[in-house]
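To start, the structure itself, in structure tokens.
Residues take their numbers from the sequence shown, with the count starting at 1. Note that the structure is predicted; figures quoted are calculated from it, not measured.
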Amino acid sequence: AYLDSKEFKNKIFTVAKFKEWYIKEKGAFTYCTDYRGFNIPDYVIDKFKDGSFDPLTEDEKWLLDNLKSAKEPYYVIGYVDIESEKETRKHELAHALYYLSSKYKNEVKNIITDLWSKITPQLSNKIKAFLTKLEYNKEVWDDEINAYLISDKEYLIKKNVWADELQEYRDILNEIFERNYLDFFGQ
């Protein structure tokens, strides 16, 4: 929420305040089932390490303890580790690569800029409405569009955000991801 929420971006808050807001917005605290994956860059973790977020939950303390030896830059991702979630893993890895590799980020930004300039206004509005409904801050839209396009085509179809004109961009972004993933992570 600190990273990409339009409500909480760059704000210090407690888990209780977040839950209170989420319940008010959604009717119940379903955050952990509403989102299949999570990602946290090092500079957000630093806010927890420096005491900005206080008090910490036991889970937050556990995470910080396990990141003591991590060298910056780093990026924490989480997802459900089941076969049906392999696309979520790719989605979260795309966020990590976007943050950790300026080469990858620049290539993606060039493609997304081209996408915005060439898609129909109707599709542009659908994508913007989709990202807004998911509570993403506009600053992360390019990163999110990339991650959704390369990993979540079926989800975009289900949410009525997919159009055939996106396939070319999906193919290009997947090629960029695969090449940069191997170059950066070596796996």
Side-chain angles (χ1 to χ4, degrees), residues 1-19 21-22 29-112 131 134-152 173-187:
Y2 179 86
L3 175 63
D4 52 22
S5 165
K6 64 181 183 178
E7 178 70 23
F8 289 98
K9 181 157 177 78
N10 297 325
K11 294 179 183 173
I12 304 301
F13 55 92
T14 64
V15 171
K17 284 286 183 197
F18 179 72
K19 284 182 176 180
W21 170 81
Y22 205 86
F29 189 71
T30 55
Y31 185 81
C32 296
T33 55
D34 291 343
Y35 298 94
R36 302 175 305 190
F38 305 89
N39 56 80
I40 314 166
D42 52 14
Y43 72 88
V44 173
I45 299 291
D46 289 345
K47 293 289 184 188
F48 287 81
K49 286 180 180 178
D50 73 13
S52 295
F53 285 89
D54 186 38
L56 295 177
T57 67
E58 290 304 312
D59 289 337
E60 291 164 340
K61 290 175 188 174
W62 177 89
L63 181 62
L64 292 180
D65 188 53
N66 282 280
L67 292 173
K68 282 181 183 172
S69 62
K71 305 281 187 261
E72 291 187 8
Y74 64 87
Y75 201 90
V76 177
I77 65 169
Y79 58 93
V80 178
D81 189 19
I82 56 176
E83 183 60 28
S84 65
E85 294 297 334
K86 66 183 177 184
E87 297 305 324
T88 300
R89 178 181 184 269
K90 186 175 185 179
H91 181 109
E92 299 308 331
L93 285 169
H95 288 310
L97 195 55
Y98 191 89
Y99 178 72
L100 295 169
S101 170
S102 58
K103 178 181 177 280
Y104 177 70
K105 182 177 183 175
N106 289 334
E107 287 185 63
V108 166
K109 282 181 115 8
N110 287 336
I111 299 304
I112 299 298
L131 295 171
L134 290 175
E135 302 286 333
Y136 290 117
N137 184 291
K138 288 182 181 180
E139 292 175 24
V140 300
W141 281 9
D142 287 353
D143 185 16
E144 288 298 339
I145 291 166
N146 173 58
Y148 277 105
L149 281 177
I150 69 167
S151 65
D152 292 317
L173 290 167
N174 263 306
E175 186 276 323
I176 291 169
F177 174 81
E178 296 298 333
R179 180 173 27 85
N180 281 275
Y181 181 86
L182 289 173
D183 288 348
F184 193 84
F185 294 113
Q187 299 178 28

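Side chains of Asp183 and Tyr104 form no contact here, defined as non-hydrogen atoms less than 4.5 Å apart. Counting only heavy atoms from C-beta outward, the side chains of Val76 and Val44 never approach each other to under 4.5 Å. In this structure, Leu63 and Phe48 have side chains that are not in contact, with every pair of non-hydrogen atoms separated by 4.5 Å or more. The closest side-chain heavy-atom distance from Ile112 to Leu173 is below 4.5 Å. Side-chain atoms of Leu97 and Tyr75, non-hydrogen and from C-beta on, never get closer than 4.5 Å to each other. By the 4.5 Å heavy-atom criterion applied to side chains, Lys19 and Val15 are counted as neighbours.
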Step-by-step side-chain hydrogen bond (donor to acceptor under 3.5 Å, both in side chains) determination, Asp50 to Ser52:
CA-CA 6 Å; Asp50 73 13; Ser52 295; 2.6 Å; yes
Could you walk me through whether Glu144 and Leu134 pass the side-chain contact (heavy atoms from CB on, under 4.5 Å) check?
-> CA-CA 11 Å; Glu144 288 298 339; Leu134 290 175; over 6 Å; no
Does the pair Glu60 and Leu64 meet the rule for a side-chain contact (heavy atoms from CB on, under 4.5 Å), with working shown? CA-CA 6 Å; Glu60 291 164 340; Leu64 292 180; 5.6 Å; no
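The structure places OH of Tyr98 at 5.5 Å from CG of Asp143, a figure rounded to the nearest 0.5 Å. The line from OG1 of Thr88 to CG of Asp152 is 6.0 Å long, rounded to the nearest 0.5 Å. Within the model, atoms NZ of Lys90 and OH of Tyr181 stand 11.0 Å from one another, a figure rounded to the nearest 0.5 Å. The structure places CG of Asn180 at 13.0 Å from CG of Leu93, a figure rounded to the nearest 0.5 Å. Taking CD1 of Ile150 as the reference point, atom CD1 of Ile145 lies at 13.0 Å (rounded to 0.5 Å).
Residue-environment remark: NZ (Lys103) exceeds the threshold of 12 foreign heavy atoms within 6.0 Å. Around the NZ atom of Lys49, the shell of radius 6.0 Å holds more than 12 heavy atoms that belong to other residues, nucleotides or ligands.
The ring of Phe18 has its center closer than 6.0 angstrom to the ring center of Phe8. A ring-centre distance under 6.0 Å is found for Tyr31 and Phe38.
Under the side-chain contact (heavy atoms from CB on, under 4.5 Å) criterion, Ala147 pairs with His91, Ala94, His95, sequence neighbours left out. Not a single side chain to side chain donor-acceptor pair (under 3.5 Å) links Glu139 to another residue, sequence neighbours left out. Annotation: side-chain contact (heavy atoms from CB on, under 4.5 Å) contacts of Asn110 (sequence neighbours excluded): none.
Checked for salt-bridge contact, Glu135 and Lys9 miss the test: no charged N lies under 4.0 Å from a carboxylate O. For Lys61 and Glu58, the salt-bridge test passes: some basic side-chain N is under 4.0 Å from an acidic carboxylate O.
Classification of the Tyr43-Tyr99 ring pair by plane angle, with boundaries at 30° and 60°, yields tilted.
The two residues Ile45 and Tyr74 have their closest heavy-atom pair at CG2-OH, 3.2 Å. Pairing each heavy atom of Pro73 with each of Asp42, the nearest pair is CA-OD2, 2.9 Å.
For Asn146 (side chain) and Asp142 (main-chain N/O), no donor-acceptor pair under 3.5 Å exists by modelled atom type.
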